[in-house]
Every structure is written in C-alpha cells, then in structure tokens.
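Here is the structure we will look at.
Throughout, a chain's letter reflects where its sequence line sits, starting with A, and its residues are numbered from 1.
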Amino acid sequence: MTALCLLLLGLSQVQAAHTVADIANVSIPFGGEVEQPEQAHALIGHKIKTLAAPATAVGAGTIHLQSVAYTLTPVSGGYRVEGNVFIDIVPAVRTDDFVAVLGKKGIQANVSYYNRCIPLASR
Amino acid sequence: MKRFAAITGVCLSLLSFPVAADDTDMLPGICLTQQIASIHVPFNEANSDIAVLRPAVNAEIAQIQSLSNTIGVTRMKAAGVNYSIQPPPEGSNTYQLTGQVNFDGVPFAKAPELLRLLIAKGFPATLSFVEYNQGPGLCRFNASTGQWE
C-alpha cells in the first residue's frame with residue numbers, strides 16, 4: 001500500500017494538483033427558519049436534495065454525505081437554523097464542474113481537495 | 001465480538017437501501033447517527049462591585065444545570081466560559097461583564113426540550129449540533145444511477 005501511494009505521489013509531480021487529489025470535500029452552507037427544533041432535519045434533507053441534479057448533470061461520481069453542523073437560534077415564532085452540510089466527492093475529478101453548476105443555481109460551496117495517500121514523513 | 005460485528009453488518013446492510021429523490025428528508029435521520037449537541041448561553045451582569053460579577057455567572061450556571069435536571073438531563077457539563085469585563089464609563093460606577101457559557105453532554109433527543117425550557121425561563125440560549133455519518137458505505141449519491149444508496 002505504501003509503495004502504491006509513493007508511486008501515485010511520484011506520478012502526481014507531472015499532473016495538476018486538482019487531478020491528483022482523489023477526494024474533494026465540499027461544504028455547502030444552509031439556513032432557514034423552523035417552528036420547532038425537530039424540523040431542522042427536514043431543512044437539511046431539502047438542502048441535500050438540491051445536490052442531486054447538479055451531481056447527475058456533471059457525472060460527479062459518488063457523493064458521500066459526511067456530516068452536518070448547525071445552530072438553532074430562537075427568533076420570533078420559531079428558530080433560525082444556520083449550518084453546513086459536508087460531503088465528499090469520489091473521485092474528485094468532476095468537482096469543479098459540480099461546484100460551478102451549484103454556483104449557477106445560487107448555491108455557495110467551499111471546496112478542499114485531499115489525497116488518501118499519506119507521505120511517510122507525515123506519519 | 002464476532003456476534004456484535006455480524007449484527008452490525010446486518011444492520012448496515014438493511015440500512016443500505018436506495019432512497020428515492022423525493023424522500024431525501026429522511027437522509028439525515030438515517031445516515032447521521034452520531035450526534036453531538038451543545039447549549040450556549042450568553043450572559044450579561046452589571047454591578048458597581050466588580051467582585052460580585054463572576055459569582056453571579058456561577059449562580060446562573062448552577063440555575064441552568066438545576067433546570068436541566070428537572071427534565072432528566074443530568075450529565076450536562078459547563079465545558080467552558082468566556083467573558084470580558086468593561087470598566088465603568090465616564091460618569092458611572094457600574095462594571096459590565098458579558099460572555100457566554102458552553103454546555104456539553106446534552107443528550108441529542110432532549111436538546112430541543114432543554115432549549116425550549118431555557119428560553120421559557122428567560123435564558124437566551126442557542127443550540128448547536130454536529131451529526132456524523134458513522135457508516136462510510138451509507139448515504140452515497142450515485143450520479144450515474146441518480147439514486148441515494
């Protein structure tokens with residue numbers, strides 16, 4: 001496994017950085033208001049739903065839902081929900097296209113690329 | 001141990017079913033099974049005697065913990081407090097302390113009830129959640145089939 005990673009890292013020297021990374025982590029902010037805290041999951045589910053069409057449109061491989069982080073703040077008549085949905089896209093190669101389609105739909109996304117191979121020096 | 005692994009495997013395979021695009025509201029409940037809840041309560045104390053400000057915050061923390069006990073939340077802990085003290089403005093002798101206390105160990109299922117209780121008792125609390133997907137094979141959207149699996 002280590003040899004394979006070293007080989008891939010070696011190959012990475014001749015490729016652009018975003019094509020070497022095999023996973024892209026994308027965070028998508030969301031917000032809205034709910035009457036009861038228990039309704040926040042529906043809001044998150046709705047946000048997740050909006051990712052399917054752009055992913056299909058660009059052939060984004062597989063999207064893995066990783067986590068959500070959000071805050072509930074009381075407002076008049078309910079609660080303000082603010083947070084982020086975190087997904088991994090594997091392979092990462094279509095991520096830029098996916099994020100561009102999201103952008104055209106008015107959905108902001110923050111992207112970080114990473115590689116599953118960990119150099120020996122960093123262990 | 002083997003039996004636990006087998007049961008876990010069966011459970012994960014049962015959960016790994018396609019979810020229709022219209023049913024994505026279910027996804028957080030199905031996938032994000034590791035849940036951490038925290039409560040944050042801002043406070044604001046004012047007094048001409050600076051020595052009484054910090055004990056007043058401690059009294060508020062104790063009151064919040066006492067309230068949480070009334071609904072069966074017994075393991076919540078004040079994980080951290082941050083605050084600042086402003087000196088009296090000109091022409092006044094009142095010190096002002098503002099800050100926030102963060103509570104960890106809030107059971108996920110009880111968190112909404114606790115938030116409602118604290119607000120009803122006059123504490124302007126905020127609730128935050130982090131929910132993780134514990135099964136890496138769960139809740140994947142396959143762009144080629146157009147389905148969550």
Side-chain angles (χ1 to χ4, degrees), chain A residues 23 25-27 30 34-91 93-95 97-98 101 116, chain B residues 18-42 100 102 106 108-149:
Chain A
I23 298 179
N25 183 254
V26 182
S27 68
F30 65 91
V34 293
E35 286 182 12
Q36 296 299 332
E38 291 85 351
Q39 294 165 334
H41 267 181
L43 199 72
I44 297 163
H46 179 74
K47 191 68 183 184
I48 293 168
K49 192 179 196 170
T50 62
L51 307 178
T56 306
V58 301
T62 308
I63 289 178
H64 295 209
L65 178 58
Q66 295 295 320
S67 63
V68 296
Y70 57 102
T71 301
L72 289 160
T73 309
V75 294
S76 172
Y79 301 86
R80 177 82 199 152
V81 187
E82 298 278 0
N84 282 280
V85 174
F86 296 91
I87 58 170
D88 277 355
I89 299 180
V90 186
V93 67
R94 307 296 294 172
T95 302
D97 298 334
F98 172 67
V101 174
R116 276 178 285 205
Chain B
V19 178
D22 289 340
D23 293 334
T24 44
D25 286 1
M26 297 160 51
L27 284 173
I30 294 172
C31 311
L32 306 173
T33 50
Q34 185 183 354
Q35 298 152 324
I36 297 167
S38 309
I39 288 270
H40 317 276
V41 186
Q100 178 171 287
N102 304 308
V106 181
F108 183 79
K110 286 272 187 183
E113 185 183 354
L114 179 60
L115 179 64
R116 282 189 281 264
L117 175 66
L118 292 178
I119 291 165
K121 297 293 182 184
F123 293 102
T126 298
L127 185 56
S128 66
F129 292 113
V130 183
E131 302 179 42
Y132 297 96
N133 186 352
Q134 278 190 304
L138 297 176
C139 291
R140 294 178 302 185
F141 179 76
N142 187 332
S144 57
T145 63
Q147 275 196 316
W148 288 93
E149 298 166 345

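Contacts of B:Ala111 with chain A are absent, with no heavy-atom separation under 4.5 Å from either backbone or side chain.
Once rounded to the nearest 0.5 Å, the distance linking CG of A:Asp88 with CG of B:Asn133 reads 10.0 Å. Atom CG of A:Leu65 sits about 5.5 Å away from atom CH2 of B:Trp148, to the nearest 0.5 Å. Taken to the nearest 0.5 Å, the CD atom of A:Glu38 stands 9.0 Å off from the CD atom of B:Glu113.
The environment of CZ in B:Phe123 is crowded: more than 12 heavy-atom neighbours from other residues, nucleotides or ligands sit within 6.0 Å.
Most heavy-atom pairs under 4.5 Å with chain B, from the set A:Thr56, A:Val90, A:Val85: that is A:Thr56. With respect to chain B, the highest number of heavy-atom pairs below 4.5 Å among A:Ala53, A:Ala40, A:Gly61 belongs to A:Gly61. Most heavy-atom pairs under 4.5 Å with chain B, from the set A:Ala55, A:Ala57, A:Pro37: that is A:Pro37.
Residues from residues 68-83 of chain A that place a non-hydrogen atom less than 4.5 Å from a non-hydrogen atom of chain B comprise A:Val68, A:Ala69, A:Tyr70, A:Thr71, A:Leu72, A:Thr73, A:Pro74, A:Tyr79, given in numerical order.
Of all non-hydrogen atoms in A:Gln66 and B:Leu32, the two that sit nearest each other are O-CD2, 4.0 Å.
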